[in-house]
Amino acid sequence: MSTTTRHPLAEAVARLHSTLDEVAQTAAWSLDQTTTADLLGDLARAQSRFAELQARVLSHAETVAVHERSAAPSVAVWLANATTATKRDAVRQTRFAAALSRYDELRRALAAGDLNLEQAQVVARALDELPDDLEASVRREAEVELVRLALVHDAKALRILGRRILDVVAPEVGEAWEAEKLAEEEREAYRTASFRMRDQGDGRTRGSFTIPTLAAEMLQKVLIAYGSPHRDDRAATDEPTPSRSRWGRAFVELVERLDPRALPRSGGVNAAVVVTMTTATLGGALASATLDTGSRVSAGTARRLACTAGVLPAVLGGPSEILDLGRSRRFFSRPQRVAMILRDGCCTAVGCDAPPGMCDSHHEDLWSHDGRSDLGRGRLLCGHHHRRAHDPAYETRVVERNQVEFHRRT
């Protein structure tokens, strides 16, 4: 009858579990201040050492194809299933394990508890991002230097130092490499820039954005200026204003103060919000006003917006501009364009809700066929439907609510 000998690592971890069982039964209330501080430092080092062991074994799991035990497609998927970790976290762990296996000095420092897991991950990432054609001796020198820096710098500082490590170990190539990397990052940041907004239906809109760092720094400078406590009436009180709230109000003020005269034109009109209100509302009546987007605002907000550069007040019952120009000019005027926005609200093609900013001012009667630039013979059409309106392969028909239908000619 044969006996199975356990691997020394498995045996050591088993003893560790036994010790932890004992520790779990030991109360911490009797620890004094000095012992507590020392114990927390020891625990941090123990976590680092255990992280190295886990990464080392996980790297070996690729070698012995542990995922084949359950027909998992990868070690990461197997790890997620076996430990109830998320697949995202499992992938992160396996990638770090693979990186750590490439850097002996970093692995030894983590195993000794000289740096924590977050620092080790930052150092590994910085080393992985070095040029592929970098000499092995230079890469090794960069690893040694980053491990040394990790003894006195946290992970946040190491991210910055890691980007400039070649300036220290190989200044002759560091500057050119950094310039190339920055240019690549800036191109990618511009390509992937995004902006999202979602109306919550309670007078508030939530949003998120991803923009290049330069644009973010510029925005931050402006918001700091608008959000300065010296400009905030509440700064005079004893209650501190949360910076997040102050920045939110600063962003609102920034948007409201945008001068439409300095913004790009769309369809002959600057990017300005149009507020429709009656003369009574403008004069102080308790009534609401309507934006050209269809949203409603209070009377007080409407009167305030009427004095704002980024808003065009359209007062019903007040003096009006000439909106019918006949054959005197080829294109619709700015007042006509505003009037179309108020009347149509969006693209007038059936089923299309493209906003006014994405629409053209279309002549119902072709100018080349004696058409007139009169408001009653113009409408908003998005670029797609405007091209269809001038495509002889389609015929159009105006239906109810001043909308237009398109039918392909047979």
Side-chain angles (χ1 to χ4, degrees), residues 6-61 75-76 79-129 140-165 168 240 242-244:
R6 299 182 68 178
H7 189 280
L9 272 182
E11 187 65 37
V13 171
R15 291 196 302 269
L16 178 60
H17 276 297
S18 178
T19 302
L20 290 176
D21 288 339
E22 180 182 346
V23 168
Q25 304 301 320
T26 305
W29 64 265
S30 58
L31 292 169
D32 60 25
Q33 187 181 69
T34 300
T35 305
T36 300
D38 292 342
L39 182 56
L40 286 173
D42 288 339
L43 288 171
R45 286 188 289 275
Q47 283 182 314
S48 297
R49 304 185 74 173
F50 194 80
E52 183 278 332
L53 173 59
Q54 182 182 32
R56 184 152 41 103
V57 175
L58 189 53
S59 176
H60 181 69
V75 170
L79 180 66
N81 294 332
T83 64
T84 64
T86 63
K87 287 185 175 60
R88 178 179 180 181
D89 185 55
V91 168
R92 180 189 59 78
Q93 292 185 55
T94 53
R95 285 179 177 173
F96 173 69
L100 199 63
S101 67
R102 294 191 293 270
Y103 306 117
D104 292 338
E105 188 68 22
L106 176 61
R107 186 192 60 77
R108 281 194 290 267
L110 185 62
D114 293 338
L115 68 166
N116 60 48
L117 176 59
E118 187 180 15
Q119 290 174 302
Q121 290 171 335
V122 169
V123 171
R125 190 178 304 117
L127 293 172
D128 282 346
E129 290 178 352
R140 165 73 175 173
E141 190 176 351
E143 180 186 354
V144 171
E145 180 62 18
L146 282 173
V147 170
R148 186 189 68 80
L149 290 170
L151 300 179
V152 291
H153 294 285
D154 64 15
K156 182 178 180 181
L158 282 175
R159 287 189 183 92
I160 300 173
L161 294 169
R163 294 177 65 88
R164 305 299 301 271
I165 192 61
V168 178
S243 60
R244 183 171 63 177

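For the numbers below, each heavy atom of this structure counts, side chains included, while hydrogens, waters and symmetry mates do not.
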So [Y] and [X], do their side chains get closer than 4.5 Å, heavy atoms only?
X	Y	answer
Arg163	Arg159	no
Val13	Leu9	no
Leu161	His153	yes
Leu16	Phe50	yes
Asp114	Leu151	yes

Tell me if a side-chain donor or acceptor on [X] pairs with a main-chain N or O of [Y] at a distance below 3.5 Å.
X	Y	value
Thr83	Leu79	yes
Thr36	Asp32	yes
Gln119	Ala150	yes
Ser48	Leu110	no
Thr26	Glu22	yes
Arg49	Ala111	yes
Glu143	Glu105	yes

From [X] [atom1] over to [Y] [atom2], what is the distance, rounded to the nearest 0.5 angstrom?
X	Y	atom1	atom2	result
Ile165	Glu145	CD1	CD	5.0 Å
Leu100	Glu52	CG	CD	6.5 Å
Glu129	Leu127	CD	CG	9.5 Å
Leu40	Thr35	CG	OG1	11.0 Å
Leu149	Leu115	CG	CG	11.5 Å

ask   = Under 3.5 Å, is there a donor-acceptor pair between the Asp21 and Ser18 side chains?
value = no
Any idea which heavy atoms bring [X] and [Y] closest together, and the distance?
X	Y	answer
Tyr103	Ala124	CE1-O, 4.2 Å
Ala51	Leu117	CB-CD1, 4.1 Å
Arg56	Arg107	NE-NH1, 4.1 Å
Ala97	Ala55	CB-O, 3.3 Å
Ala76	Val91	CB-CG2, 3.9 Å

request  = Could you pull out all residues at least two apart from Asp89 that satisfy side chain to side chain donor-acceptor pair (under 3.5 Å)?
outcome  = Arg92, Gln93
Asp128/Arg102 salt bridge by N-O under 4.0 Å criterion = yes
key: Non-neighbouring partners of Asp42 that pass salt bridge (Lys or Arg N to Asp or Glu O under 4.0 Å), sequence neighbours left out   = Arg45
task = Dump the intermediate steps for side chain to side chain contact (heavy atoms under 4.5 Å, CB included) on Asp154 and Leu158, then the final yes or no.
result = CA-CA 6 Å; Asp154 64 15; Leu158 282 175; over 6 Å; no
